[in-house]
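Values reported hereafter were calculated over all heavy atoms of this structure, with side chains retained and with hydrogens, waters and symmetry mates removed.
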Amino acid sequence: MAKIIDGKAISAQIRAEIKEETAAFAKETGITPGLAVIIVGTDPASQVYVRNKRRACDEVGFYSESYELPEETTMEELIALVDKLNGDEKIHGILCQLPLPKHLDEKEIINRISPEKDVDAFHPVNVGKIMIGDYDFLPCTPAGVMQLIKRSGIEVAGKECVVVGRSNIVGKPQAMLLLHANGTVTVCHSRTKDLAEVCRRADILVAAIGKADFFTGDMVKEGAVVIDVGMNRRADGKLTGDVDFASVEPKASYITPVPGGVGPMTITMLMQNTLTAAKRRVR
Ligand code: GUN
């Protein structure tokens with residue numbers, strides 16, 4: 001029987017800490033951390049994320065602005081908005097919700113956001129800083145995973161860590177953070193030979209491939225820590241992770257549920273990055 005890592009509870013705890021720190025920082029400096037969220041088009045999932053981000057800002061006492069732009073927004077218009085926010089004193093963090101509509105160049109927009117305000121940590125300057133272990137911001141999902149591990153009292157040093165998935169948003173930075181924590185890290189992907197065999201070596205398995213219920217009990221070592229980053233919608237509309245909870249849970253020592261595991265942490269880490277950005281302004 002695995003211990004269930006309660007992402008909602010850990011997230012609430014961190015948000016309470018951020019709220020307290022924000023109040024103390026505002027008292028000392030007169031600065032309220034400010035986050036701007038940009039969304040282009042009408043993707044319903046993106047709209048939900050944006051609404052949740054605004055709510056989270058209210059909860060921890062941040063100032064927030066959201067820009068909901070029409071699908072036909074041009075690069076020139078989006079760049080003009082990013083430039084305006086880069087120069088706005090009230091705004092410490094800028095997040096442009098991805099994916100953008102096809103006619104817009106995501107890379108150019110990511111590069112345009114000032115690295116000091118890049119609370120997603122997607123700008124090449126911030127990605128490079130993570131690589132050398134000298135960073136201000138960590139990408140929200142991998143940072144959330146590290147908090148779940150740390151606050152559950154799980155030691156990473158010396159452990160076999162297997163990350164499945166190599167995206168720029170999750171897999172690659174996740175591997176780097178586990179490495180910084182002195183894990184022995186293997187990164188797997190769609191071309192990995194005998195994936196199940198590699199997964200069975202893991203003391204800590206991070207599943208981030210976006211395939212519903214892909215990881216089954218036979219792919220997991222007895223006593224492994226299993227972190228499920230997946231967020232998939234089943235045909236019946238139910239939300240499910242990359243891990244087949246029913247067969248993996250009996251073998252794992254710790255496991256994150258979906259929903260209620262990694263998901264709640266992501267926005268919380270965005271709040272953490274925004275507070276860090278505001279603090280950096282006065283340093
Ligand atoms: N779309 C899905 N996840 C994310 C995220 O973490 N940041 C941004 N900007 N867009 C996303």
State which residues pass salt bridge (charged side-chain N to carboxylate O under 4.0 Å, His left out) with Asp136; sequence neighbours excluded, sorted by chain then number.
-> Lys129, Arg280
Rounded distance [0.5 Å steps], CE in Met271 versus OG1 in Thr22 | 10.0 Å
Pairs under 3.5 angstrom only: tabulate donor-acceptor contacts from the side chains of residues 26-36 to other protein residues two or more places apart or in another chain.
{"unit_1": "Thr29", "atom_1": "OG1", "unit_2": "Phe25", "atom_2": "O", "d": "2.7"}
{"unit_1": "Thr29", "atom_1": "OG1", "unit_2": "Ile31", "atom_2": "N", "d": "3.1"}

Kindly compute the distance separating CE (Met146) from CD1 (Ile154), expressed to the nearest 0.5 Å.
-> 10.5 Å
By salt bridge (charged side-chain N to carboxylate O under 4.0 Å, His left out) - contacts of Lys90 (at least two apart) | Asp88
Find the distance between CD (Gln13) and CD1 (Ile18) and round it off to the nearest 0.5 Å.
-> 11.0 Å
Ser167 backbone acceptor or donor facing His189 side chain under 3.5 Å | no
List for me each residue that meets side chain to side chain donor-acceptor pair (under 3.5 Å) alongside Ser46, sequence neighbours excluded, and say none if there are none.
-> Asp43
Any link between Val37 and Ile94 through a network of hydrophobic side chains (Ile, Leu, Val, Met, Phe, Trp, Tyr) touching at under 4.5 Å?
-> yes
Any donor-acceptor N or O pair under 3.5 Å, side chains Asp213, Thr240 = yes
Mind checking the CZ-NZ spacing from Arg166 to Lys172? Nearest 0.5 Å is all I need.
-> 8.0 Å
Separation of Ile5 CD1 from Ile149 CD1 (nearest 0.5 Å) = 7.0 Å
Glu108 meets the side chain to side chain donor-acceptor pair (under 3.5 Å) criterion, sequence neighbours left out, with none
Hydrophobic side-chain clustering at under 4.5 Å (ILVMFWY, transitive links): who's grouped with Val226? Put none if nobody.
-> Ile4, Val162, Val164, Leu195, Val198, Leu205, Ile209, Phe214, Phe215, Met219, Val220, Val243, Phe245, Val248, Ile255
Any donor-acceptor pair under 3.5 Å from Lys117 side chain to Ala277 backbone | no
Any sub-3.5 Å donor-acceptor pair from Asp118's side-chain atoms to His123's backbone N or O?
-> yes
Same apolar cluster: Val40 and Leu85, side chain cutoff 4.5 Å | yes
